[in-house]
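Structure record follows, encoded as structure tokens.
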Amino acid sequence: MHITVLAVSLTLMAVIAAIFISAARSAGRGEAIQSVETRRNRLIVALTVIGVVVSLVSLVPWPHAVSAAPAAVVNVTGGQWYWKLDTGTVPAGRPVAFNVRTADVTHGLAVVDENGRIVFQTQAIPGYVTRVDHKFTKPGTYRVICLEYCGVAHHGMFEQLTVVAD
Ligand code: CUA
């Protein structure tokens with residue numbers, strides 16, 4: 001994906017550079033101005049069309065489509081210094097909605113897999129319910145930890161979440 005973005009960026013930069021060079025070369029040649037303006041207008045239209053197409057394609061999967069119908073809902077509350085989940089088991093391969101709250105200060109909720117890699121993370125913010133929809137790709141034992149320093153026992157905010165094959 002990064003390579004694609006880089007290639008597209010470099011190509012577009014080369015195109016824009018070529019246009020500038022072309023415009024600079026034809027400056028002063030009166031009869032060429034009309035044709036340069038026509039080409040410039042065509043280019044603006046073409047770049048606009050390309051921009052719209054790239055924007056639409058890059059929005060797939062549409063973020064809102066993911067949150068349509070969760071297979072399970074987990075209500076998570078963070079507090080000094082614990083995580084409380086109303087269920088400790090969720091299915092793999094289907095969207096799970098996490099409603100994240102805090103009982104006191106801001107906490108940084110993260111769900112990590114068996115290799116310690118963050119699967120997703122969000123904030124637990126006083127006065128708000130933060131919803132995260134996530135589809136676990138594989139069953140296993142995950143850990144819920146806190147990523148934001150929230151007091152002396154911050155490191156003790158630690159809970160387990162089991163993802164089972166659906
Ligand atoms: Cu809660 Cu750090």
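As the structure lists them, so they are numbered: ligands from 1, and atoms in each ligand from 1.
Under the 30°/60° scheme for interplanar angles, the aromatic rings of F120 and H134 are found to be tilted.
Within H107, the N, O or S atom lying nearest to atom 1 (Cu) of ligand 1 carries the name ND1. When the N, O or S atoms of E148 are ranked by distance to atom 2 (Cu) of ligand 1, O comes first. Atom 2 (Cu) of ligand 1 lies closest to atom ND1 when only the N/O/S atoms of H154 are considered.
Rounded to the nearest 0.5 Å, atoms CG (L47) and CD1 (I19) are 6.0 Å apart. Note that the CG atom of L109 and the CD1 atom of I145 stand 9.0 Å from one another [nearest 0.5 Å].
Ion pairing between D133 and R131 holds under the 4.0 Å rule for side-chain N and carboxylate O.
Rounded to 10 degrees, the SG-metal-SG angle spanning C146 and C150 at atom 1 (Cu) of ligand 1 equals 120°.
Not a single N, O or S atom of Q80, from either the backbone or the side chain, sits less than 2.8 Å from atom 1 (Cu) of ligand 1.
Between F158 and Y82, the gap from one ring centroid to the other reaches at least 6.0 Å.
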